[in-house]
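What follows is one structure encoded as structure tokens, with my remarks underneath.
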Amino acid sequence: MSETLRELGWTSYLDDGEKIIWQGRPDQAFHFQVNGFARLGSAVFVTLFSLFWMTMASRGGGVFWMFGLIIFAGGVWQLINVVYGPTFKRRHSWYTLTNRRAFIATEQPIVGRKLQSYPLTPETMLDYHAGELASVYFAEKVKRTQNGSYTIPIGFERIVSGDEVFRLMREVQSKGQAT
């Protein structure tokens, strides 16, 4: 599926004089992200603990052990999300770069369609991760937890034409066309 912003029907969100200069999609292949190991450990612990708890509770007789199914289901969901979630999100994402902004469009089952826009100004920090499948990050989101917070980078991940996209973004910045 190689739909573009135009084919998704979202070109009406472009400003006057705004032109599309690049469009692409992230790599569709499965890829486990290294930063997922900590979350993977937590998911495995919750899943195994719930199995242990259900086993011990079932020895007492009755149906009390079934309350553990909720925790078990949550652990399994967390496992699936950690291992396959980023790949699933990439498979439902489209990237567009204009002479002013970067767009990330997603269309996921249940969640629906979503379009995020990020202005590219001279002050925008670009973080380029070179490679056969490169990533260019241009924004970040702070996630708050019970124990503090952490930062999630936002950008065009695992793209084939990373060098070209990074160069185009630098050109947009240098021309100061972003508003």
Side-chain angles (χ1 to χ4, degrees), residues 1-40 77-145 149-179:
M1 194 181 209
S2 61
E3 295 174 303
T4 62
L5 194 68
R6 190 170 285 113
E7 291 165 343
L8 290 169
W10 286 334
T11 53
S12 62
Y13 294 102
L14 298 178
D15 294 336
D16 290 336
E18 190 171 14
K19 294 178 179 55
I20 295 172
I21 56 177
W22 176 85
Q23 290 188 311
R25 295 203 60 196
D27 176 49
Q28 306 292 297
F30 174 78
H31 174 73
F32 182 74
Q33 295 180 330
V34 177
N35 62 1
F37 277 112
R39 291 179 32 220
L40 182 63
W77 174 252
Q78 190 178 2
L79 274 171
I80 292 168
N81 194 30
V82 168
V83 172
Y84 187 68
T87 299
F88 181 83
K89 186 173 181 182
R90 281 193 313 276
R91 288 182 181 174
H92 293 85
S93 296
W94 295 263
Y95 300 147
T96 298
L97 179 64
T98 72
N99 60 334
R100 297 182 187 164
R101 297 181 281 177
F103 288 93
I104 299 176
T106 56
E107 187 169 20
Q108 297 179 13
I110 300 171
V111 177
R113 295 169 58 145
K114 186 176 177 183
L115 181 65
Q116 295 175 306
S117 164
Y118 301 92
L120 294 174
T121 67
E123 293 79 30
T124 302
M125 294 296 295
L126 296 178
D127 185 12
Y128 180 56
H129 295 232
E132 187 177 324
L133 293 171
S135 297
V136 183
Y137 297 101
F138 43 79
E140 52 188 33
K141 178 168 73 171
V142 176
K143 278 272 206 182
R144 303 208 187 288
T145 65
S149 62
Y150 62 95
T151 304
I152 300 171
I154 298 171
F156 298 161
E157 296 182 317
R158 298 185 57 79
I159 53 175
V160 175
S161 52
D163 291 339
E164 175 193 358
V165 172
F166 183 65
R167 181 186 56 76
L168 290 169
M169 285 183 169
R170 299 281 314 268
E171 283 180 16
V172 170
Q173 283 184 311
S174 68
K175 292 179 182 175
Q177 293 183 10
T179 56

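Reckoned from all heavy atoms, side chains included, excluding hydrogens, waters and symmetry mates.
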Contacts of type side chain to side chain contact (heavy atoms under 4.5 Å, CB included), residue [X], not counting sequence neighbours:
X    : answer
I80  : V76
D127 : H129, Y137
A139 : Y118, I154
V142 : R144, S149, T151

Working to the nearest 0.5 Å, report the span between [atom1] of [X] and [atom2] of [Y].
X    : Y    : atom1 : atom2 : answer
I104 : L115 : CD1   : CG    : 9.5 Å
R170 : Y128 : CZ    : OH    : 12.0 Å
D27  : L133 : CG    : CG    : 4.5 Å
I21  : L168 : CD1   : CG    : 4.5 Å
L120 : N99  : CG    : CG    : 10.0 Å
R113 : Q108 : CZ    : CD    : 13.0 Å

Heavy atoms only: give me the nearest [X]-[Y] pair and the separation to one decimal.
X    : Y    : result
L14  : F103 : CD2-CE1, 3.7 Å
R158 : S135 : N-OG, 3.0 Å
S93  : P26  : O-CD, 3.5 Å
A134 : G162 : CB-CA, 3.7 Å
D16  : R100 : O-NH1, 3.0 Å
V165 : W22  : CG2-CE2, 3.3 Å

**Prompt:** So, Y95 side chain and E157 main chain: donor-acceptor pair closer than 3.5 Å or not?
**Reply:** yes
Which residues satisfy the side-chain hydrogen bond (donor to acceptor under 3.5 Å, both in side chains) test with [X], sequence neighbours excluded?
X    : value
S117 : R101
N81  : none
T87  : R90
E132 : none

**Fill in**
Those residues at least two apart in sequence (or on a different chain) that pass ring pair (Phe, Tyr, Trp, His ring centres under 6.0 Å) with F88 are H92
**Prompt:** How would you list all residue pairs meeting salt bridge (Lys or Arg N to Asp or Glu O under 4.0 Å) that involve residues 159-168, not counting sequence neighbours?
**Reply:** R167-E171
**Request:** Any chance you could lay out the side-chain hydrogen bond (donor to acceptor under 3.5 Å, both in side chains) test for W94 and T106, step after step, and finish with the verdict?
**Result:** CA-CA 6 Å; W94 295 263; T106 56; over 6 Å; no
Is there side-chain contact between [X] and [Y], with heavy atoms separated by less than 4.5 Å?
X    : Y    : answer
T121 : Q173 : no
M169 : F138 : yes
F156 : T96  : no

**Item:** Stepwise side-chain hydrogen bond (donor to acceptor under 3.5 Å, both in side chains) test for T98 and E18
**Value:** CA-CA 6 Å; T98 72; E18 190 171 14; 2.6 Å; yes
**Request:** Tell me, please, which residues at least two apart from E140 pass salt bridge (charged side-chain N to carboxylate O under 4.0 Å, His left out).
**Result:**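 With sequence neighbours excluded, E140 shows a salt bridge (charged side-chain N to carboxylate O under 4.0 Å, His left out) to no residue whatsoever.
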